[in-house]
Amino acid sequence: MNTGPTTLIRNGRVVTASDDFVADILIEGGRIQAIAKTLTAGPGMAVHEAAGLLVLPGAVDVHTHLDSATPTASTVDDFAAGTRAAAFGGTTTVVDYCTPPPGASLMAGLEDWHRRRANACVDVGAHMIVLDTGAATLAEMKTLVEREGISSFKFFMAYPGALMLEDGALFNAMRTAGALGALSCVHAENGLVIQSLVQEALAQGQTAPRFHALTRPALLEGEAAQRAIALAEQAGAPLYVVHLSTTQALQAVQLARRRGLPVFAETCPQYLLLDDSVYEAEGFEGAKYVMSPPIRPASHGAQLWQGLQAGDIQTVATDHCAFTYGESPHGMRHSKRLGLAAFNRIPNGAPGLETRLELMHDAAVLQRGLSLHRFVDMVATAPARLFGLFPRKGTVAVGSDADLVLFDPQERWTVRAADHHSLADYSLFEGRTLTGRVKKVFLRGQCIVDGSSWQGREGMGQYLPRGASGRP
Ligand SMILES: [Zn+2]
């Protein structure tokens, strides 16, 4: 049982996906105990004045890769560093992708993940990545849903020979997940065609980072999204397209939704706010933006904004998968420089966990006129609902965990990697001036971030077993 301090947050403007009012919030035992126009501070109570600030639910990031390794590279942020960065950005719940080591069972992969997540600073859940669909694996999926609270799985349509499931296996995995009340998350890119384009480029001596983007064209994400939707429909399973980045994939999702299919989509700030001109950077700089899918031409971003506005894209996550640009001080194993000789050896991924809330407030609310409700929904409520965490997470309500963000909607500041808490040595958004800043963050009632001061501790993050996923 959590016996956190009794805390009162006074005079804040509480904004949820549906409500907007000024109130006091009383926190006891890590949960929200009361919300009312005026509450009286008792003796010994910690009081936080929030006049002029928004009080938002702690944000929920359902797409991260922390302390994640491949045979050649591993992400630089472990759970301690990554979740501390998350906290500074107002994210108090992370659902991380667990990749079982090669040849390991899903259960062994989960045990290994639990060891790695033990030093997390915010609450964490896991999605399980499925790499084969043998009988033993399908049986383990059932165990994971029923006993471990893992109600979503990820299937790759890209990276043949490493992570990819061919269509028959993908269909079987979706059918199993659907029958268990779990959500099928897919990385939608046509891996085999991309592999052929990559080989062709390398054979022609095209090794610079920009060829990463040129060998993963938008059409091949659209094709894979369409195929995933068809397979999910045939399997009778709800589907969640992760890091959707193209017009073609969005159109496929829109068509499916118009037909009433339970198809959902996530995008990321980098696909909304950057365009493929980032790959024209001098020398090896483009490697900072090597991720899959790649950053797309600007026309796609404009369509993604419309998709968000129309509600066809429900969530904004980060796909935080951080590597450093330089080799020191963390070492070559964490560095983009592993791919100096050829783009296909650049570790795929970028940091983002720390800036999602503030970027989306500035870009969605201030620049494009989306409502504060929609903003809260896309970064907190919708991901909590879709992934079986609501109403414990994702809203401000009596009985919910007291995960709260005090947010100054007017402060102007500039994104600098040098000020970040991620161990990555760069930001995709370096130098961008934003309006709106996280001031204080509470995790289950404990103030863990106070301005630039860290008040949390490693290991205080709890594991979150999740309920049924894939329901809006
Ligand atoms: Zn990812």
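One-based numbering, in listed order, for ligands and for the atoms of each. Only heavy atoms go into these numbers, but all of them, side chains included; no hydrogens, no water, no symmetry mates.
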| Aromatic rings Tyr97 and His127: how do their planes relate, parallel, tilted or perpendicular, breaks at 30° and 60°? | parallel

| query | Is there any ring pair (Phe, Tyr, Trp, His ring centres under 6.0 Å) pair reaching into residues 142-184, and which pairs are they, with sequence neighbours excluded? | reply | Phe156-Tyr159, Phe156-His187, Tyr159-His187

| task | Just say parallel, tilted or perpendicular for the rings of Tyr325 and Phe284, cut-offs at 30° and 60°. | result | parallel

| field | Ion pair Arg444/Asp123, N-O distance below 4.0 Å | value | yes

| query | So which pairs with a foot in residues 250-268 pass side chain to side chain donor-acceptor pair (under 3.5 Å), sequence neighbours left out? | reply | His63-Glu266, Glu233-Arg259, Tyr240-Glu266, Gln254-Asp312, Arg257-Asp312, Arg258-Asp312

| said: For the Zn ion (ligand 1), which protein N/O/S atoms fall under 2.8 Å? Skip waters. | reply: His63 NE2, His65 NE2, Asp319 OD1

| task | Scan for salt bridge (charged side-chain N to carboxylate O under 4.0 Å, His left out) pairs involving residues 151-168, sequence neighbours excluded, and state none if there are none. | result | Asp167-Arg227

